[in-house]
Number of protein chains: 2
Amino acid sequence: MGELPLTLEGEGRQRILAAAEKLFSDKAFDAVSMNAIALQAGISKANIYHYFPNKDALYLAVLRAASRNLRKLLNDAVDAHGTVVDVLRHFARCHLQALLDRPELVRLVWRELLEKGAPRAREFAEQGFADVFSALVAVLESGQARGELRADFNPALVATLMLGANVFFFQSRDILRHYPAVAFADDPAGYDAGIVEILLRGMIPESSADTVRA
Amino acid sequence: MGELPLTLEGEGRQRILAAAEKLFSDKAFDAVSMNAIALQAGISKANIYHYFPNKDALYLAVLRAASRNLRKLLNDAVDAHGTVVDVLRHFARCHLQALLDRPELVRLVWRELLEKGAPRAREFAEQGFADVFSALVAVLESGQARGELRADFNPALVATLMLGANVFFFQSRDILRHYPAVAFADDPAGYDAGIVEILLRGMIPESSADTVRA
DNA sequence: GTCTATAGATTGATAGAC
DNA sequence: GTCTATCAATCTATAGAC
């Protein structure tokens, strides 16, 4: 099994990238020193500068790779079949699963999105957002076109609602676990099933649904 | 108008706190230097150490104050009257408004919640979360008890969904603004109105609502 | 490619005058 | 209470041997 030149040349590089990814996902840019990355990678600090010109470039490379990996993970959520309702269920489940499967990547990319004073690489982070958001909107629109979903709601708004529910679940899981009443903190599949059902059927009893409309 | 001793004694203190709050809300703990805080406050760096023993204590004081202010803001969302549906609409609108009114405080507290390697003051941040979450769950439960809302959904789940929708809106507003189709990015009231309507009525046309149940 | 050694800047925190 | 001056530690980045 001859390794590709890219692998040989990039082995040291990838050791560094892996170490940096792990550290940058837990702490912010300034809280991670090049020394700590070198220790984590098991090499010397100066060796990092052989592969990357400076700390910013290393961080950028980590974020670029994380963003790429995350997009690949999330794109699996799109290729579904069946009714639009089935696709929605599948999408919600896969999206949340992707977040939970690679929490380090998500935290890394999401932090870059939230940091206001550091537009170091917002571009990359926004790409993944755009992919998922657009795909979900398209699914909802097709559902409206086919008559499977009501036509009088804004698809982008519901897309925001669904993605927000998953991201918020991901972000708040550790806090939600404190509440005894919150059993779904450790049951992401059940959480998404409940979310989608509410979004489809609503909370109003069917008999009185008409009385709510203004 | 005789100023209170507390005000006289605490004036310099509060200048520092205000400066630190502004800087800590934009950048992470390690990215904000005591020098930068002193410049922002218009005093000398050494003077900060007259009021606070070290950087950690200053950060803690900022987060404690921010958490307290945020809880006060958010508690206004709870005292509502009318039907449960009205209370829900009011709650959603006030909650999002509170987030948007003090974006610095929200970012500051929320960052503390997300940082995994820095449990510097998670306690304070979680308090605000608990207040709002519990209040919303109670509203939903009362709605179920009165028969205004269907009884077969998990109130905590819907509370997560609603809070997540608002927090996600707050976090992603700048990105959502890039999309021409997303008109609600600059219309938080309209966003919440749409959110609540979907949650109440669902996305399924009434005529075919029964066919969806598994 | 990998290392040790170190330069040069900045950091959190202190000492002491006023 | 506020300041200037400064400390020791740590940081990014570089130099140069191997």
Side-chain angles (χ1 to χ4, degrees), chain A residues 3-63 111-112 115 117-121, chain B residues 2-63 108 111-112 115 117-121:
Chain A
E3 302 205 30
L4 294 170
L6 186 144
T7 309
L8 278 167
E9 173 184 293
E11 194 192 352
R13 207 185 134 94
Q14 282 190 340
R15 284 182 63 89
I16 298 171
L17 281 174
E21 175 188 304
K22 177 176 166 63
L23 295 179
F24 280 135
S25 68
D26 279 348
K27 302 197 265 178
F29 180 82
D30 296 83
V32 177
S33 71
M34 296 294 265
N35 206 346
I37 297 173
L39 282 177
Q40 173 76 26
I43 59 168
S44 81
K45 179 174 61 171
N47 196 9
I48 300 180
Y49 287 92
H50 173 71
Y51 293 98
F52 301 94
N54 50 47
K55 189 182 177 182
D56 272 79
L58 170 58
Y59 177 76
L60 209 76
V62 170
L63 199 85
R111 192 206 321 272
E112 181 66 27
E115 215 73 20
R120 242 178 281 268
Chain B
E3 303 206 31
L4 294 170
L6 186 143
T7 309
L8 279 169
E9 174 184 295
E11 194 191 352
R13 207 184 134 94
Q14 283 190 339
R15 283 182 63 90
I16 298 170
L17 281 174
E21 175 188 303
K22 175 176 167 60
L23 295 179
F24 280 136
S25 69
D26 280 348
K27 301 197 268 178
F29 180 83
D30 295 84
V32 177
S33 70
M34 295 295 266
N35 205 346
I37 297 173
L39 283 176
Q40 174 76 26
I43 57 166
S44 81
K45 180 173 61 170
N47 196 11
I48 299 180
Y49 287 92
H50 174 71
Y51 292 98
F52 301 95
N54 51 46
K55 187 181 178 183
D56 271 80
L58 170 57
Y59 176 78
L60 210 77
V62 171
L63 198 85
L108 181 56
R111 191 206 320 276
E112 182 66 27
E115 216 72 19
R120 240 176 282 267

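Chain letters run A, B, ... following the sequence lines, proteins first and then strands; every chain starts at 1.
The distance from atom CZ of A:Arg15 to atom C1' of C:dG1 is 13 Å, rounded to the nearest whole Å. Taking atom CG of B:Leu39 as the reference point, atom P of D:dT4 lies 11 Å away to the nearest angstrom. The CZ atom of B:Phe52 sits 12 Å away from the P atom of D:dT2 (whole-angstrom rounding). Atom P of nucleotide C:dC3 and atom NE2 of A:His50 are separated by 11 Å, given to the nearest angstrom. Whole-Å rounding puts the A:Lys45 NZ to D:dC11 P distance at 8 Å. Here the P atom of nucleotide D:dA9 and the NZ atom of B:Lys55 are 19 Å apart, to the nearest Å. One interatomic measurement links the two molecules: CD1 of A:Ile43 to P of C:dT4, which rounds to 12 Å at whole-angstrom precision. The CD1-P distance, from A:Ile48 to D:dA13, rounds to 11 Å in whole Å.
Not one side-chain nitrogen or oxygen of B:Tyr49 sits closer than 4.0 Å to the OP1 or OP2 atom of D:dT2. Between B:Asn47 and the phosphate of D:dG1, there is no side-chain N or O to OP1/OP2 separation shorter than 4.0 Å. Contact check, B:Ser44 against D:dT2: no side-chain N or O comes under 4.0 Å of OP1 or OP2.
A 4.5 Å side-chain heavy-atom check between A:Met34 and A:Leu58 finds at least one atom pair inside the cut-off.
Residue B:Ala46 places its side chain closer to D:dA5 than to any other of D:dA5, D:dT2, D:dC11.
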Apply the test side chain to side chain contact (heavy atoms under 4.5 Å, CB included) to residues B:Lys55 and B:Phe29: give CA-CA distance (whole Å), side-chain angles for both, the deciding distance (0.1 Å), then the verdict.
CA-CA 9 Å; B:Lys55 187 181 178 183; B:Phe29 180 83; 3.6 Å; yes
